[in-house]
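Structure, as structure tokens:
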Amino acid sequence: MGDESYPKPFEGGITGFYEQFAPEDVQSAIEDARRDSILNPCYPYRKRRSWEKYNAASYGLKVELGKLQAWVKAEGARIAIVIAGRDAAGKGGTIKRFREFMNPRGAWFAALGKPTDQERVRWFFRRDILHLPNGGEIDFFDRSWYNRSVIDHEFGFCWPNGRNRFFNQVSEFKHMTVSDGTCLVKIWLNIGRAEQMLSFLDRESNRLKHWKLSKIDVTGLYNWDEFTAAIRETFGWSDSSWASWRVILGDDKRRARVAAIQSVLDWVRYPGKDVTFAHGPDPKISVGTRMFDA
């Protein structure tokens, strides 16, 4: 629902970019969009999953998440789930669906902002360690320490040598976390440029969604290619067989949310798992980092 009579945030910077600087194929995709159509030509499906199919799958998955949390609490296990990805790819919405019917006392959520002046000059991982799960907990990270090599790098929130130190230390940090007994699941939600643009335009025109926008979102529209390069480099330094990235194509958020939950349930061994629901995600939209689509 649009609120055209009210000022748009950031002086209408989203609309300004769309009308003046958005690539022609992005403008054409949005102008020609039909209800429930997918704007990304590289996406394997042309229509979004129906609500009926989505709700049917979601119910069984949420039952399985309840089993998983019960096992984590009983065994004192620790699970850290990183949900990272492009802006407007559905990170917060995906975490919301994970936690919707979980006991909130054992399913914590961390969404850290840009580093403070103190955090910029101290060991970067210090602030994230405080949010790693205790025994019996499942902790969700909206973004995470991987911000250092993408967001922080592109917007100057860290010094160049800080990013290099991050790359040199991230594998060891990951190894220490996993070898100490924490199950680490890393999910990257990707999204096509036209789909992202459409989401931003919707947020800009709806006052109830203005909180989802920031000045960084406006600036980031101009740096799509630079972000892509930073993402690829981050994958190169942080992907491994024992803590790999699961790249999920998020242009259809219903399919993406199902795939994200399935990725976690498939990865973790817990008793009573019903493989009717808790199986691997759709391989058409859950791809490896080598198939990362910019």
- Charged N to carboxylate O below 4.0 Å: is that the case for Lys47 and Asp252? no
- Note on the structure: Rounding to 0.5 Å, atoms CD1 (Ile285) and CG (Asp251) come to a distance of 9.5 Å
- Message: How long is the straight-line distance from CG of Leu184 back to CG of Leu132, given to the nearest 0.5 Å?
- Response: 8.5 Å
- Query: Considering residues, nucleotides and ligands other than Lys114, do more than 12 of their heavy atoms fall under 6.0 Å from its NZ?
  - Reply: no
- Message: For Phe17, give me all partners under ring pair (Phe, Tyr, Trp, His ring centres under 6.0 Å), at least two apart in sequence or on another chain.
- Response: Tyr222
- Looking at Phe140 versus Phe109, is the centre-to-centre ring distance below 6.0 Å? no
- Message: Minimum heavy-atom separation for Arg254 and Asp36, please, with both atom names.
- Response: NH2-OD1, 4.0 Å
- Item | side-chain hydrogen bond (donor to acceptor under 3.5 Å, both in side chains) involving Tyr270 - partner list, sequence neighbours excluded | Glu64
- Query: Would you find more than 12 non-hydrogen atoms of other residues, nucleotides or ligands less than 6.0 Å from Arg46 atom CZ?
  - Reply: yes
- Note on the structure: One should read off an interatomic distance between Asp217 CG and Arg203 CZ, to the nearest 0.5 angstrom, of 7.0 Å
- Examine the side chains of Glu233 and Ser149 and answer whether a donor and an acceptor come within less than 3.5 Å of each other. no
- How would you list, by chain and number, every residue that makes a side-chain hydrogen bond (donor to acceptor under 3.5 Å, both in side chains) with Asp282, sequence neighbours excluded? Tyr45
- Backbone N/O of Gly272 and side chain of Lys67: donor-acceptor pair under 3.5 Å: yes
- Message: Check whether Ser238 reaches the backbone of Thr234 with its side chain - one donor and one acceptor, N or O, closer than 3.5 Å.
- Response: yes
- Can you check whether Ser286 reaches Val247 side chain to side chain, under 4.5 Å on heavy atoms? no
- Item | Aromatic ring proximity Phe227/Trp224, centre distance under 6.0 Å | no
- Message: Does any part of the side chain of Lys253, heavy atoms only, come nearer than 4.5 Å to the side chain of Thr94, both counted from C-beta?
- Response: no
- Query: Apart from Leu112 itself, what residues make up its hydrophobic cluster, given side-chain heavy atom links below 4.5 Å?
  - Reply: none
- Where is the tightest heavy-atom contact between Lys273 and Val268, given as atom of each residue plus distance? NZ-O, 2.8 Å
- Query: Only one of Trp188, Trp245, Phe124 forms a ring-ring contact (aromatic ring centres under 6.0 Å, His included) with Tyr146, so which one is it?
  - Reply: Trp245
- Close side-chain approach of Arg143 and Val82, heavy atoms under 4.5 Å: no
- Task: Under the side chain to side chain contact (heavy atoms under 4.5 Å, CB included) rule, collect the residues that match up with Gln20, sequence neighbours excluded.
- Result: none
- Query: Between atom CG of Asp274 and atom NE2 of His279, what is the distance when rounded to the nearest 0.5 Å?
  - Reply: 9.0 Å
- Item | Contacts of type side chain to side chain contact (heavy atoms under 4.5 Å, CB included), residue Asn168, not counting sequence neighbours | Trp237
- Query: Applying the side-chain hydrogen bond (donor to acceptor under 3.5 Å, both in side chains) test to Arg78, which of Asp139, Asp180, Thr177 qualifies?
  - Reply: Asp180
- Query: Would Ser244 and Asp239 count as having a side-chain donor-acceptor pair, cut-off 3.5 Å?
  - Reply: no
Name each donor-acceptor pair under 3.5 Å that joins a side chain in residues 24-35 to protein atoms two or more places apart or in another chain, with its distance.
residue	atom	partner	partner atom	Å
Gln27	NE2	Tyr18	O	2.6
Ser28	OG	Glu24	O	3.0

- Item | Straight-line distance of Leu39 CG to Gln196 CD, nearest 0.5 Å | 12.0 Å
- Message: Treating Lys73 as the side-chain partner and Leu68 as the backbone partner, does any N or O pair qualify as donor plus acceptor under 3.5 Å?
- Response: no
- Sub-4.5 Å side-chain heavy-atom contact between Thr116 and Glu119: yes
- Message: I'd like to know if the side chain of Arg86 pairs up with that of Ser199 as donor and acceptor (distance under 3.5 Å, no hydrogens or angles considered).
- Response: no
- Query: Sequence neighbours excluded, which residues qualify as side chain to side chain contact (heavy atoms under 4.5 Å, CB included) partners of Phe10?
  - Reply: Leu213, Lys215, Val218
- Contact summary for Ser240 and Lys174, nearest pair of heavy atoms: OG-NZ, 3.3 Å
- Message: Can you see whether Lys8 engages Ser205 through a side-chain donor-acceptor pair at a distance of less than 3.5 angstrom?
- Response: no
- Item | Heavy-atom pair with the smallest gap, counting every atom of Phe277 and Ala57 | CD2-O, 4.2 Å
- Message: Set out, in order, the CA-CA distance, both residues' side-chain angles and the distance that settles ring pair (Phe, Tyr, Trp, His ring centres under 6.0 Å) for Phe166 and Phe125, then state yes or no.
- Response: CA-CA 9 Å; Phe166 171 81; Phe125 294 101; 5.6 Å; yes
- Item | By side-chain hydrogen bond (donor to acceptor under 3.5 Å, both in side chains) - contacts of Asp266 (at least two apart) | none
- Task: Please report the C-alpha distance between Phe173 and Trp145 in whole Å, then the side-chain angles of each, then the deciding distance to 0.1 Å, and finally whether the ring pair (Phe, Tyr, Trp, His ring centres under 6.0 Å) criterion is met.
- Result: CA-CA 10 Å; Phe173 175 74; Trp145 50 92; 5.2 Å; yes
- Query: When clusters are formed from ILVMFWY side-chain contacts under 4.5 Å, directly or step by step, what else is grouped with Tyr59?
  - Reply: Val63
- Heavy-atom closest pair (Leu221 atom, Ile14 atom, distance to 0.1 Å) is CD1-CD1, 3.7 Å
- Query: Is atom NE2 of His175 surrounded by more than 12 heavy atoms (other residues, nucleotides or ligands) closer than 6.0 Å?
  - Reply: no
- Item | Qualifying residues under side chain to side chain contact (heavy atoms under 4.5 Å, CB included), relative to Ser171, sequence neighbours excluded | none
- Message: Taking side-chain hydrogen bond (donor to acceptor under 3.5 Å, both in side chains) as the definition, give me every residue that meets it alongside Glu195, ordered by chain and number, with sequence neighbours left out.
- Response: Arg48
- All heavy atoms of Gln262 vs all of Leu61, minimum pair found to be CG-CD2, 3.8 Å
